[in-house]
Amino acid sequence: MKSQLQALLEQALASLSASLGRDVPFPAGLQIDAAKDPRHGDFATNLALIAAKGLGQPPRAVAQALLEHLPASSLIAKAEIAGPGFINFFLAPGAFQSVVSRVLEQGADYGCDRSGALGKVMVEFVSANPTGPMHVGHGRGAAYGDSLASILAVTGWTVHREYYINDAGRQVDILTVSVWIRYLQARGVELPFPQRGYPADYIRLTADRLVREHGDALRRDATSLVATLQAEPPAAGDVDDKTKAAIKARQESAMDELIEQSRAALGTDYAVVRSAALADQLAAIRATLDAFGVRFDQWYSEQSLVDSGFARTAIDRLRTAGHVYEQDGATWLRTTTFGDEKDRVLFKADGAATYFANDLAYHVDKLDRGYPVLLDVWGADHHGYIARVRAAIEALTGRKDALRVQLMQFVTLSSGRMGKRSGNFVTLQDLISEAGKDATRFFYLLRSHDQHLEFDIELARSQSNDNPVFYVQYAHARICSVFRQAAERGQSFDIGALAGSLHRLVEPQEKLLLTLMQKYPETLNAAARQYAPHLLAFYLRELADALHSCYNAHKFLVDDAELQSARLGLVAATRQVLANGLGLLGVSAPESM
RNA sequence: GCGCCCGUAGCUCAGUUGGAUAGAGCAUCGGCCUUCUAAGCCGAGGGUCGCAGGUUCGACUCCUGCCGGGCGCGCCA
């Protein structure tokens with residue numbers, strides 16, 4: 001509809017400049033917007049305002065001249081000048097009514113472009129470390145990434161969803177040692193738990209499994225471990241930051257010793273404990289994501305990059321390109337060439353790869369797999385990391401724009417009774433169990449991702465009218481109920497008779513529904529372009545709002561058969577758009593509530 | 001100290017990339033069920049868009065400087 005208006009405006013300006021005997025180029029910055037206020041018509045354009053300078057006339061005079069040169073169109077019922085020089089268009093009723101037929105014909109495809117014509121995009125999200133359960137922060141990334149991927153997939157992109165498993169770093173060794181010490185304790189060995197280990201109960205579950213499956217086979221002499229643990233400084237009390245940092249450093253180095261001692265003691269069995277620990281954590285994460293309705297096309301292991309040798313290969317490419325150098329025994333990438341504030345270490349002095357080195361290789365691999373656009377969803381605390389990854393990609397490809405990181409701002413819990421002690425945090429699984437998948441996902445998506453989110457657990461959990469997800473779902477259920485009532489009366493909705501009845505949709509509440517449905521495709525496109533699924537969530541609330549208003553103002557099942565046909569068509573289309581939108585957000589559209 | 005994000009109604013947040021009288025939910029107040037689901041609807045009150053300058057026909061939006069909050073500045077991941 002906008003494009004038709006734009007075509008008319010282009011003709012008007014061309015005609016106007018011809019009549020003036022001048023060649024006026026079409027100015028940049030044209031806007032054709034849906035009017036907020038019905039008194040301003042249906043659409044408004046700023047063309048006269050932006051063309052005024054080029055024509056050397058005041059905006060209102062330009063607007064008047066444009067109207068005189070505007071070609072006649074059945075689309076437009078009326079056009080008038082307002083304010084500083086806006087042109088307001090009042091569209092003919094038929095221009096809106098036809099959306100009903102369009103929605104019902106296209107069904108689940110309405111507003112969608114599944115052609116994949118825009119190319120391939122890799123969406124990497126969640127990627128939570130497999131060292132513990134997902135918390136509410138991960139949930140936000142999961143809801144955002146999944147919905148965004150869905151939206152991109154129906155707006156012309158070919159989408160691949162991927163989870164990067166950080167299964168190669170030191171934190172996995174800490175996990176392994178934590179499990180093994182719990183195992184030893186379960187077998188009656190007396191030893192304290194490390195300060196920097198993972199103390200929570202889920203560690204014990206794996207330890208118990210090892211006991212069941214391996215009995216005493218993983219038991220070793222723990223003398224050296226005990227010595228290390230006893231020498232470890234206890235948790236820092238109320239001390240100054242400098243002292244706290246020193247204590248932490250000593251605890252960390254104790255942890256490193258424990259890792260080495262565990263490796264030495266367990267030998268090849270270290271891998272048994274390690275893989276059991278990883279498998280259990282990943283299984284828990286998968287189960288939670290499954291309950292959350294989030295699926296990935298691929299789970300990509302960091303360790304597999306190391307094992308295959310690609311982690312080194314990718315860096316060799318950078319070396320060949322001349323961006324790698326040695327200093328202080330370490331290997332560095334000259335990221336400052338590409339705007340990073342300092343160069344970054346790839347291989348530490350001890351020869352071990354940094355997390356950055358593997359992550360860099362991972363991104364190169366994604367490009368190699370044929371994805372020119374890499375959309376990464378990260379926590380806001382990783383923002384300092386963007387420059388170096390982008391620098392590495394630019395060093396190899398010359399492209400600055402391949403990596404598009406979306407940062408998720410932090411989630412805080414407002415419920416007030418959240419314990420802060422370790423092991424007592426709210427997991428995503430808890431949230432889903434208590435509030436349900438639908439309420440939880442909708443809650444997350446009702447905020448822009450670059451905004452701090454205060455998660456009101458009590459509200460999400462409430463099965464009351466306060467919960468925003470019900471408002472939208474209720475609109476869908478209500479429409480379903482109308483059709484059930486019609487069926488009980490022996491009446492059916494005939495799509496064939498629809499087109500001839502649509503002219504009966506003239507009430508303001510009906511007009512609003514038509515306008516909103518007509519806006520759905522551009523809402524999807526805006527959400528995709530801005531990587532902003534919340535635009536869709538807000539749109540759906542607006543659509544539900546219009547439905548509820550219409551429901552209360554008018555009856556749909558009426559004696560006048562033609563009017564009933566028109567109104568049933570209207571709400572059937574509304575139901576379709578609600579279902580389409582909710583589906584993209586991963587929220588169900590119930591037929592009754 | 002440097003960098004990134006943020007500051008909008010009592011609370012939680014939108015604001016279509018510079019447009020017309022800044023919106024919604026919750027909370028408060030007043031109405032609406034004999035009829036398609038009241039998890040709903042209709043109405044009212046509530047604002048110096050952190051502060052001060054600048055850019056222009058026009059600024060919540062863009063620029064500069066302050067004030068306030070969050071996060072980040074490892075040969076950690």
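The chains referred to below are lettered A, B, ... by the order of the sequence lines, with proteins before strands, and numbering in each begins at 1. The structure presented is a predicted model; accordingly, all values stated were derived computationally and were not measured.
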Can you check whether any acceptor in the base of G72(B) is under 3.5 Å from a donor in the side chain of His382(A), or vice versa?
no
Is there a side-chain contact between Ser549(A) and the phosphate of G40(B), meaning an N or O under 4.0 Å from OP1 or OP2?
no
Among A20(B), C5(B), G40(B), find the nucleotide with the atom closest to the side chain of Tyr474(A).
G40(B)
Reckon Gln485(A) has a side-chain N or O less than 4.0 Å from the OP1 or OP2 of U37(B)?
yes
For Phe483(A), report the nucleic acid contact type (base, sugar-phosphate, nothing); a contact means any heavy atom under 4.0 Å.
nothing
Whole-angstrom distance between G23(B) and A44(B), as gauged at atom P:
13 Å
So, OP1 or OP2 of C76(B): does either fall under 4.0 Å of a side-chain N or O from Lys348(A)?
yes
Watson-Crick or G-U counterpart of G47(B), or none if no pair lies under 3.5 Å
none
Determine: side-chain N/O of Arg478(A) to OP1/OP2 of A38(B), distance under 4.0 Å, yes or no.
yes
Inter-nucleotide C1' distance (G45(B), C26(B)), Å rounded
15 Å
Report the relative orientation of the aromatic rings in His363(A) and Trp378(A); use parallel for angles under 30°, tilted for 30 to 60°, perpendicular for over 60°.
perpendicular
Answer with base, sugar-phosphate or nothing: what part of the nucleic acid does Glu542(A) contact at a heavy-atom distance below 4.0 Å?
nothing
Taking the C1' atom of each, how far is A27(B) from G74(B), in whole Å?
47 Å
For the P atoms, the ones on U61(B) and on C6(B), what distance do you get once it is rounded to whole angstrom?
13 Å
Roughly how far apart, to the nearest Å, are A9(B) and U48(B) at atom P?
9 Å
With a non-hydrogen cut-off below 4.0 angstrom, is Ala486(A) in contact with a base, only sugar-phosphate, or nothing?
nothing
Counting just side-chain N and O atoms, does Gln31(A) come under 4.0 Å of either OP1 or OP2 of U16(B)?
no
Which nucleotide, if any, forms a Watson-Crick or G-U wobble pair with G40(B), using both distances under 3.5 Å?
C32(B)
Any strand counts, and the cut-off is 3.5 Å on both contacts for Watson-Crick or G-U wobble. Which nucleotide pairs with G7(B)?
C67(B)
Between Glu510(A) and Arg567(A), is the salt bridge (Lys or Arg N to Asp or Glu O under 4.0 Å) condition met? List the steps.
CA-CA 8 Å; Glu510(A) 297 167 338; Arg567(A) 287 187 172 163; 2.6 Å; yes
Report yes if some heavy atom in the side chain of Thr131(A) is under 4.5 Å from a heavy atom in the side chain of Ile174(A); otherwise report no.
no
Val472(A) and Leu543(A), any side-chain heavy atoms less than 4.5 Å apart
no
Please determine, for G18(B), whether a Watson-Crick or G-U wobble partner exists with both distances under 3.5 Å, and give it or none.
none
Does Tyr471(A) put a side-chain nitrogen or oxygen below 4.0 Å from OP1 or OP2 of C41(B)?
yes
Check this one for me: any side-chain N or O of His534(A) less than 4.0 Å away from OP1 or OP2 of G15(B)?
yes
Across the strands shown, which category fits Asn88(A) at heavy-atom distances under 4.0 angstrom: base, sugar-phosphate, nothing?
base
With a 4.0 Å limit, can you tell me whether Gln451(A) has a side-chain N or O closer than that to the phosphate oxygens OP1/OP2 of C5(B)?
no
pair_partner(U56(B)), Watson-Crick or wobble, both distances < 3.5 Å, evaluates to none
Counting Watson-Crick and G-U wobble pairs only, both distances under 3.5 Å, name the nucleotide matched with C2(B), or none.
G72(B)
Quick one about Tyr325(A) and Asp343(A) (side-chain donor to acceptor, distance below 3.5 Å, no hydrogens or angles considered), yes or no?
yes
Touch check for His476(A), heavy atoms < 4.0 angstrom, all strands: base, sugar-phosphate only, or nothing?
nothing
Is the base of U21(B) syn or anti, where syn means the angle lies within 90° of 0?
anti
C51(B) and C32(B), which share atom name P, separated by this distance in whole Å
42 Å
Ring centers of Tyr362(A), Tyr164(A) separated by less than 6.0 Å
yes
What's Asp381(A) touching, base or sugar-phosphate or nothing? Going by heavy atoms closer than 4.0 Å.
sugar-phosphate
N/O donor-acceptor pair, side chain His383(A) with base C71(B), under 3.5 angstrom:
yes
Using a heavy-atom cut-off of under 4.0 Å over every strand shown, decide if Ser448(A) touches base, sugar-phosphate, or nothing.
sugar-phosphate
Which part of the nucleic acid does Phe538(A) contact within heavy-atom distance under 4.0 Å: base, sugar-phosphate only, or nothing?
sugar-phosphate
If the test is side-chain contact (heavy atoms from CB on, under 4.5 Å), which one of Leu578(A), Val99(A), Val577(A) qualifies with Tyr520(A)?
Val577(A)
Between P on G74(B) and CD on Glu341(A), what's the gap in Å once rounded to a whole number?
8 Å
Taking pairing as Watson-Crick or G-U wobble with both contacts under 3.5 Å, can you name the mate of C13(B), or confirm there isn't one?
G23(B)
How far apart are the C-alpha atoms of Asn525(A) and Thr523(A), what are their side-chain angles, what is the distance that settles it, and do they pass the side chain to side chain contact (heavy atoms under 4.5 Å, CB included) test?
CA-CA 5 Å; Asn525(A) 283 315; Thr523(A) 302; over 6 Å; no
P atom, C41(B) versus A52(B): distance in rounded Å?
39 Å
For C33(B), decide between syn and anti, treating a glycosidic angle within 90° of 0 as syn.
syn
Verify the ring-centre separation between Tyr144(A) and Tyr444(A): is it less than 6.0 angstrom?
no
Could you tell me whether Leu535(A) contacts a base, only the sugar-phosphate backbone, or nothing, with contacts defined as non-hydrogen atoms closer than 4.0 Å?
sugar-phosphate
Just checking Ala526(A): base, sugar-phosphate only, or nothing, at a heavy-atom cut-off of under 4.0 Å?
nothing
At 4.0 Å (heavy atoms only), tell me whether Phe347(A) reaches a base, stays on the sugar-phosphate, or touches nothing.
nothing
Judged by nearest nucleotide, the residue sitting upstream toward the 5' end of RNA chain B, Arg541(A) or Val482(A), is Arg541(A)
Quick one: label Ala553(A) by what it contacts on the DNA or RNA (base, sugar-phosphate, nothing), any heavy atom closer than 4.0 Å.
nothing
Residue whose closest nucleotide on RNA chain B lies nearer the 5' end, Ala353(A) versus His449(A)
His449(A)
Pairwise C1' distance for A22(B) and C60(B), with rounding to whole Å
7 Å
Contact class for Asp328(A) vs. all strands (heavy atom < 4.0 Å): base, sugar-phosphate, or nothing?
base
Using a heavy-atom cut-off of under 4.0 Å over every strand shown, decide if Asp33(A) touches base, sugar-phosphate, or nothing.
nothing
